[in-house]
Engineer: 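Before we start, here is the structure in question, set down as structure tokens.
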Amino acid sequence: MTLFRLLTEGSRVLELAGSPDPKQDAQQLLLAAFHLDMVHFLMNRMTELEESSKNQASIRLYRDMIGRRKKRCPLQHILGRQEFMGMEFMVNRHVLIPRQDTETLVEKVLVHQEKEKKKGQALLDLCTGSGCIAVSLAAKGGFDRVTGTDISEEALKVARRNGEILLSEWKKTGMIEFFQGDLFDALPKNGEKYDVITSNPPYIPTGVIQTLEPEVRDFEPQAALDGDEDGLYFYKKIGERAADYLKPKGSLYLEIGYDQKRAVCRILEDQGYKEIQVYKDLPGHDRVIMARQRD
Ligand code: GLN
């Protein structure tokens, strides 16, 4: 048996099952099962594999991984990780897999901070999930304190672990805290206010969830996707209360669905927020709304 033969075998299984990226996925799974990087794979792919028990175990693991992917389990769940803002986040079935679209939100916060040149700010991230927004902004932004909240304790286990592992590199583990509970109710009642509040809340209308890709529909947490009948439940809730938690001139950054710009702008305008701006993601969809604290 060779690595190349295993790759062909796995790609074929996925291709026949109608998997969207059979070759790419099989390759990533093969590298993971054999703990190989691309260079070693390319150098050794035609070499006959030794009949060692280690190789046998890797082959079994690889075939098992291909079997899971064939059933449309997301690649990220099988590998247990997803890259976001150049950092490797641990993920599992309890959190939404970080999306590239959400990097737009993080980048906007960083650019605006850079312009304002304000150091030592406090950030609150609601519906934090894997902690990808909170942890990447803790690592790269000029924040002194970062707080994340989520209704799911299981999600917070992932967020805390990501915080510990990823922020230790930056010696910043002490600056981040996570609290379990419903949006702002999770926070300690200490009157703390924030310079920036971020959130990528669940925003898919309930009826649309069934039409999503099987990877999302069948494997990602419904609670991280479902924004109620109109998809807008969390924008209304956050809009109602964010003003009580923002400092004067503080800003709110929300990720939105590609067709929710008008509805969410209206919610925030009605609540009296100011300077509302909408930003597009890389594919060109409206993706992030920024609003300033009302007077
Ligand atoms: N962007 C995600 C998707 O495409 C949804 C994320 C969310 O509801 N916050 O499935």
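First listed ligand is number 1; within each ligand, the first listed atom is number 1. The basis for the numbers below is simple: all heavy atoms, side chains too, and nothing from hydrogens, waters or symmetry mates.
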Engineer: At a 4.0 Å cut-off, with the gap strictly under it, does some heavy atom of A224 reach an atom of ligand 1?
Structural biologist: yes
Engineer: I'd like to know if L225 contacts ligand 1, where contact means a heavy-atom distance under 4.0 Å to any ligand atom.
Structural biologist: yes
Engineer: What atoms in ligand 1 come closer than 4.0 Å to a heavy atom of L96?
Structural biologist: 6 (C)
Engineer: Please work out, at 4.0 Å between heavy atoms, whether the side chain, the backbone, both, or neither of E220 comes within that distance of ligand 1.
Structural biologist: neither
Engineer: I'd like to know if D144 pairs up with K172 as an ion pair, taking the criterion as any Lys NZ or Arg NE/NH1/NH2 lying under 4.0 Å from an Asp or Glu carboxylate oxygen.
Structural biologist: no
Engineer: Any nitrogen or oxygen of N200, side chain or backbone, less than 3.5 Å from one on ligand 1?
Structural biologist: yes
Engineer: Under 6.0 Å between ring centres, would you say that holds for Y245 and F184?
Structural biologist: yes
Engineer: Looking at the rings of Y279 and H112, which for Trp means the six-membered one, are their centres under 6.0 Å apart?
Structural biologist: yes
Engineer: Students should be able to answer this: which protein heavy-atom is nearest to atom 8 (O) of ligand 1, and at what distance?
Structural biologist: Y203 N, 3.0 Å
Engineer: Between P201, G257, P202, flag the one that comes closest to atom 9 (N) of ligand 1 by a heavy atom.
Structural biologist: P201
Engineer: Can you name the nearest heavy-atom pair linking L14 to K70, along with the distance?
Structural biologist: CD2-N, 3.6 Å
Engineer: How many angstroms lie between OH in Y62 and CG in L30, if you round to the nearest 0.5 Å?
Structural biologist: 5.0 Å
Engineer: Mark yes or no for whether N55, through its side chain, and E50, through its backbone, hold a donor-acceptor pair below 3.5 Å.
Structural biologist: yes
Engineer: Which protein non-hydrogen atom lies closest to atom 3 (C) of ligand 1, naming both residue and atom, and how far is it?
Structural biologist: R99 NH2, 3.5 Å
